Amino acid sequence: MIRTLKPVGILMGRLPYGADLLASLNQICAEKKITLGRIEAIGAVQEARLQYYDQGKKQYQNLRVKRPLEIVSLVGNVSLKEDHPMVHAHICLADDEGNAFGGHLAPGTIVFACEFTLQLFEGPAFERGHDTQTGLPLWKPED
Ligand code: ZN
């Protein structure tokens, strides 16, 4: 499924110290009723929780990093899952030697400082549903 989207605005702001990164972004979307958009952010986290999707087992593996890291890049989108806005974001983090790693952003990543840009689009939301081929909640084909 592919659709041409019209940008209707950009929300820019920062997240508070100590906030859960993913939960905060989801909360902003819920409060502002954002169901279709793209997101990016930079900053730093106090600790991180990421996931890696094992394609063979069709399940997520968890990765926890309990130390301060730079957010080199966070990219993602906003769509609808079970009638709620859902932020799907991937993040690249770097340590004090510049080593980078990343993955699927999971709850439990704690903000040190974070500046985000959230671009909103017009039109009906993309909706997620279970995809049998991958086991993931992917965007459903539109009829
Ligand atoms: Zn992902």
Side-chain angles (χ1 to χ4, degrees), residues 1-16 18-95 98-143:
M1 59 160 298
I2 299 173
R3 207 195 308 154
T4 303
L5 301 173
K6 227 188 217 168
V8 290
I10 293 177
L11 211 70
M12 202 159 124
R14 85 177 173 93
L15 301 179
D20 184 293
L21 179 51
L22 182 59
S24 302
L25 296 174
N26 274 316
Q27 194 186 339
I28 290 165
C29 292
E31 281 173 7
K32 307 230 176 248
K33 302 194 184 332
I34 297 162
T35 57
L36 191 59
R38 64 185 288 269
I39 190 158
E40 59 183 60
I42 54 170
V45 299
Q46 302 177 42
E47 60 179 278
R49 252 199 80 220
L50 309 174
Q51 291 180 318
Y52 169 84
Y53 193 69
D54 185 317
Q55 297 175 13
K57 292 181 184 162
K58 292 186 179 175
Q59 63 186 34
Y60 280 105
Q61 292 172 11
N62 294 304
L63 170 67
R64 186 146 195 207
V65 191
K66 294 201 79 169
R67 60 195 159 106
L69 300 159
E70 293 288 318
I71 303 172
V72 177
S73 174
L74 176 152
V75 291
N77 54 57
V78 186
S79 58
L80 266 188
K81 186 183 172 199
E82 290 157 6
D83 293 326
H84 297 287
M86 180 195 143
V87 172
H88 178 204
H90 286 196
I91 191 168
C92 179
L93 300 158
D95 67 14
N99 298 305
F101 51 97
H104 177 97
L105 178 65
T109 298
I110 307 302
V111 170
F112 180 77
C114 181
E115 299 170 346
F116 70 88
T117 306
L118 179 50
Q119 184 171 28
L120 321 179
F121 299 115
E122 193 177 77
F126 286 21
E127 287 195 46
R128 293 188 179 276
H130 180 75
D131 176 74
T132 47
Q133 198 163 40
T134 62
L136 290 166
L138 299 182
W139 291 329
K140 291 191 266 189
E142 293 170 298
D143 24 57

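Computed from a predicted structure; not experimentally measured. Every number for a ligand or one of its atoms is a count from 1 in the order of the listing.
Interatomic distance, Cys92 SG to Leu69 CG, rounded to the nearest 0.5 Å: 10.0 Å.
His104 has its closest N, O or S atom to the Zn ion (ligand 1) at the position named ND1. Distances from the Zn ion (ligand 1) to the N/O/S atoms of His90 are shortest for NE2. For His88, the N/O/S atom at the shortest distance from the Zn ion (ligand 1) is named NE2.
Atom CE of Met1 has more than 12 heavy atoms from other residues, nucleotides or ligands within 6.0 Å.
For the pairing with Val78, the side-chain contact (heavy atoms from CB on, under 4.5 Å) check across Leu120, Leu36, Leu118 returns one residue only, Leu118.
Within the structure, side chain to side chain donor-acceptor pair (under 3.5 Å) contacts touching residues 107-127 (residues at least two apart or in different chains) are Arg38-Gln119.
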